[in-house]
Amino acid sequence: MLVLVINSGSSSLKYQVRETGTDEILLAGLVERIGGPEVPDHAAALETVQEHLHGVLGERQIEAVGHRVVHGGERFAEPVLITHEIVRAIERLAPLAPLHNPAAALGIRALLEKWPKLPQVAVFDTAFHRTMPEYAWRYAVPDDLYKRHGVRRYGFHGTSHDYVAGKAAELLGIERQRFRAVIAHLGNGASITAIRQGKSIDTSMGYTPLEGLVMGTRSGDLDASIVTQLVIRGEYTAEQMDHILNQDSGLKGLSGENDMRSVVETASQGDDGAELALEVAAYRLQKYIGGYHVAVGGAQAIVFTAGIGENGWLFRQRVVGGLGALGVKLDEMSNVERSKQPRVISAPESAIPVLVVPTDEESEIAAQTAALATAQQ
Ligand code: ADP
């Protein structure tokens, strides 16, 4: 099936056309500066997409559209066929994802208007984590915060963790329903997921993507009193703290650089801040891997994915080097090898196989969209 995959941001729209039968990418593109003079809104962005589609596909028609939606709240545990009611539900979740959900809704509305007959599917970043048990998603705070304000752990990057879990199980020849693994998605944003019986049972991002691992510009875990104390003392406003923790922290906070390649490069030239950033990020990740290994009842695989996970061999070496207590050992040659294929990078005697599995969220969105659109026919 020919599926258009859309990832709408507030000022940009990323798209791909995939043939789901062969998993082929027919075209990919990005419309930027939406809201500017040339592309006033998402409807105008779609005009640009349509021209590109027509130029490449000719008379072939798109059969379904899959939208990436960041937040599905507690309602959405699966992809859904989009109706006007679903768009309103996505908009109602805006307080939980103020930058993302309204943008996704704008893209969906523009498409509903333009191609009302085309099946459209919403695929949620949070959905894969809806299988977490309550003891993993609850914060130990008064019930009221959960019941009245939805304060709980949701988790993100679900589409990626789902896809990578499937590929890793396949590579190892383990049935997905029996698969136990720890999956580290390390991009600009980073999260790690505990997989048991092929499902997510815990993940490091929480109420928002701020929680968990040290990221490019996000702090990850910290003591919430840091925020309350600094705000109470009048040192910063709540908005400033939000900005500091999401935009100026993580690798950037410790080293001045948010891009892992630059951090590694600067550390190799002897920069103390960059070296510390790598140490803190690796140590935090090691703690999560150890914890999730216990949570899943003994992982059958430790899997690295996304920009840093797939390409950052020095960072993988540093992280796995600290997992000696688990009996994990890298094969140094396989670790430095460059490949776009899923592969094992641990030594044969490693107690747990270590894998690199390239993620492909668009492929997963296209596949889920096609499955739902076919079921509706
Ligand atoms: P996003 O979350 O924006 O999708 P990506 O998955 O593309 O991010 O990951 C971006 C991160 O991957 C950046 O920190 C970048 O430095 C890092 N990265 C890309 N290539 C390499 C590499 N060869 N070595 C180390 N890090 C890399």
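First listed ligand is number 1; within each ligand, the first listed atom is number 1.
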Discussion item. Given 3.5 Å as the limit, does a donor-acceptor pair link the side chain of Arg316 with the main chain of Gly309, or not?
Written reply: yes
Fill in: Check: Gly155 main-chain N/O paired with Thr126 side-chain donor or acceptor under 3.5 Å
no
Worksheet item: Of all the atoms in ligand 1, which lie at a distance below 4.0 Å from a heavy atom belonging to Ala306?
Response: 6 (O)
Item to complete: Below 4.0 angstrom from a heavy atom of Gly189, which ligand 1 atoms are there? Numbered from 1 as shown, please.
Response: 2 (O)
Protein heavy-atom partner closest to [atom] - residue, atom, separation in Å:
atom: atom 25 (C) of ligand 1; result: Gly312 CA, 3.5 Å
atom: atom 27 (C) of ligand 1; result: Arg261 CG, 3.7 Å
atom: atom 14 (O) of ligand 1; result: Met260 N, 3.0 Å

Taking [atom] as the point of reference, which of [options] owns the nearest heavy atom?
atom: atom 8 (O) of ligand 1; options: Asn188, Leu251, Leu186; answer: Asn188
atom: atom 21 (C) of ligand 1; options: Leu314, Val263, Asn311; answer: Asn311
atom: atom 15 (C) of ligand 1; options: Val264, Thr359, Asp259; answer: Asp259

Worksheet item: Same cluster or not: are Ile108 and Val5 linked, directly or through other Ile, Leu, Val, Met, Phe, Trp or Tyr residues, by side-chain heavy atoms under 4.5 angstrom apart?
Response: no
Worksheet item: Are Tyr163 and Val70 connected in the hydrophobic side-chain network, where two residues link if heavy atoms are under 4.5 Å apart?
Response: no
Discussion item. With a 4.5 Å cut-off on side-chain heavy atoms, are Met241 and Glu235 touching?
Written reply: no
Worksheet item: How long is the gap from OG1 on Thr83 to CZ on Arg88, to the nearest 0.5 Å?
Response: 7.5 Å
Item to complete: Determine the sole option in Arg176, Lys199, Lys167, Arg130 for which the salt bridge (charged side-chain N to carboxylate O under 4.0 Å, His left out) test with Asp162 is passed.
Response: Arg176
Item to complete: Report yes if Gly307 has an N/O atom closer than 3.5 Å to an N/O atom of ligand 1; otherwise report no.
Response: yes
Item to complete: Would you check the N or O atoms of Ile308, main chain and side chain alike, for any that come under 3.5 Å of an N or O of ligand 1?
Response: yes
Worksheet item: Do Glu91 and Arg109 meet the salt-bridge criterion of a basic N to acidic O distance under 4.0 Å?
Response: yes
Worksheet item: What do you think, any protein heavy atom under 4.0 angstrom from atom 18 (N) of ligand 1?
Response: yes
